[in-house]
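In what follows, a structure is listed as structure tokens, so that the remarks can point back to it.
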Amino acid sequence: MAARLTTRVLSGRDAVAEAGRLLRSGGIVAIPTETVYGLAASAYDEVACRRIFAAKGRPQDNPLIVHVADMEAVRQIWREVPPQALLLMEAFWPGPLSIILPKSDRIPDTVSAGLDTVAVRMPASQTAREIIREAGVPLAAPSANRSGRPSPTSAQHVLMDMDGRIPLIVDDGPCAVGVESTVVDLTGDVPVVLRPGDIRAEDIARTIGSAEKGTKNRESGDAPRSPGMKYAHYAPKAAVCVYDGEGVPAAVRSCFVQHAAGGGSPVILCSEDAAAFYDGLAVRSLGTGPRDAEHRIFRELRDADARGNDLILVHYEESMGEAVRDRISRAAGARRGESS
Ligand code: TXA
Ligand code: MG
């Protein structure tokens, strides 16, 4: 393993310049984006990209997303830019939409994890785009968490996972969106949303005529098309249990009371409205609607660990949206509430 580094947390103009310097010389740097913090390296530098996998403990077969600061940059990264891609870029860039297309030879196999495609997005975060410009190259960047942990939505979260493993974290405050980008695959006949995010499949379908939801490979039936979807994800130290459907408040309350009586320390995550059901119990609000829930979910998972909660009971409601449902069900793994 590499020698332990001193990890600096910097912000402002100096931080951007220092990030550029490190990235130009083959280093890795944690950078802010509007979705979650990313762990970046030059997308053209195979050795630097290998350092990302090592620092995260990321499986080698899980490809990285490439980040650009201008539309023209995609011409070096994808083999071709089809009309559907141009329409999506016009509509949603800069913003939380990653588009998958066949890759050019400039992109090393380490970035694409051996696939012949690559995901690209232009972040809405101005600081992220300044860092890309300063580096002078597109940046490959997965979320800046240790593999399997909740994605980081603040510089403090990155430090928790990466202290001593990377030289620099650029701090730009809490992320505006809070969940990772929507990932859409344009390599087949029909566009497929492989990972739900703040931009919905319906938004994409409105722009280019159609979009399916799903993670399955059309040809083989069950091989994951997005390699990242097959791994355990987003897991806090606490157990996570998701409840939805009929009779949720009674089931959540009874599980909470039983767990607390046994000496445990449970906490409930629910919408602002549903909090009224849990008067007197430890409850954290995910706000009202998908934007609030996306903004808060990863922070709440990490805060529960920091408080010493050992069980997180999530009262899910459809109003929280698909991106949040995806993240909490993967955080929960197989554990689901009886009432679901
Ligand atoms: O918002 C985001 O997308 C953040 C920020 C940092 O930009 N990045 C991020 O990266 O979430 P990561 O590596 O944590 O997640 C990338 C996801 C994984 O599920 C990966 O398998 C999938 O995108 N992916 C990337 N390239 C792919 C490709 N060529 N084909 C299929 N799936 C791909
Ligand atoms: Mg990730």
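FYI, the numbering just counts along the sequence from 1. Heavy atoms only: backbone and side chains are in, while hydrogens, waters and symmetry mates are out.
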(request) Check step by step if side-chain contact (heavy atoms from CB on, under 4.5 Å) holds for Val179 and Thr35. (result) CA-CA 5 Å; Val179 293; Thr35 57; over 6 Å; no

(request) Decide yes or no on side-chain contact (heavy atoms from CB on, under 4.5 Å) for Leu139 and Val66, but give the supporting numbers first. (result) CA-CA 5 Å; Leu139 299 178; Val66 176; over 6 Å; no

(message) Between Lys56 and Arg146, does the side-chain contact (heavy atoms from CB on, under 4.5 Å) criterion hold? Intermediate values first, please.
(response) CA-CA 5 Å; Lys56 277 183 62 94; Arg146 291 296 297 275; 5.7 Å; no

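The closest side-chain heavy-atom distance from His67 to Met122 is not below 4.5 Å. Side chains of Cys49 and Val111 form a contact here, defined as non-hydrogen atoms less than 4.5 Å apart.
Checked against the 6.0 Å centroid criterion, the rings of Tyr316 and Tyr243 do not qualify as a close aromatic pair.
Sorted by first and then second residue, the ring pair (Phe, Tyr, Trp, His ring centres under 6.0 Å) pairs with a member in residues 156-206 form an empty list; sequence neighbours excluded.
When all heavy atoms of Val158 and Ala30 are compared, the closest pair comes out as CG1-CB, 3.7 Å. Closest approach of Ile204 and Ala211 over heavy atoms only: CG2-CB, 3.9 Å.
With sequence neighbours excluded, the residues that form a side chain to side chain contact (heavy atoms under 4.5 Å, CB included) with Pro102 are Arg79, Thr187. Not a single salt bridge (charged side-chain N to carboxylate O under 4.0 Å, His left out) links Arg133 to another residue, sequence neighbours left out. Take Arg307 and apply the salt bridge (charged side-chain N to carboxylate O under 4.0 Å, His left out) test, not counting sequence neighbours, and it matches no residue.
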Throw together a table of side-chain donor-acceptor distances under 3.5 angstrom for residues 84-99, partners on residues two or more places apart or in other chains.
from, atom 1, to, atom 2, distance (Å)
Trp93, NE1, Leu97, O, 2.9
Ser98, OG, Ser181, OG, 2.8

All N/O donor-acceptor pairs, side-chain side in residues 268-287, below 3.5 Å, sequence neighbours left out:
from, atom 1, to, atom 2, distance (Å)
Ser271, OG, Ala274, N, 3.1
Ser271, OG, Glu317, OE2, 2.6
Glu272, OE1, Ser285, OG, 2.7
Tyr278, OH, His315, ND1, 2.9
Arg284, NE, Glu300, OE1, 3.0
Arg284, NE, Glu300, OE2, 3.3
Arg284, NH2, Glu300, OE2, 2.9
Ser285, OG, Gly287, N, 2.9

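Although no hydrogens or angles enter the test, the distance criterion places a donor-acceptor pair under 3.5 Å between the side chain of Arg24 and the main chain of Glu134.
The closest side-chain donor-acceptor pair between Thr127 and Asp172 falls under 3.5 angstrom.
A cation-pi arrangement is absent between Arg330 and Tyr234, since the terminal nitrogen or guanidinium carbon is not both under 6.0 Å from the aromatic centre and inside a 45° cone about the axis.
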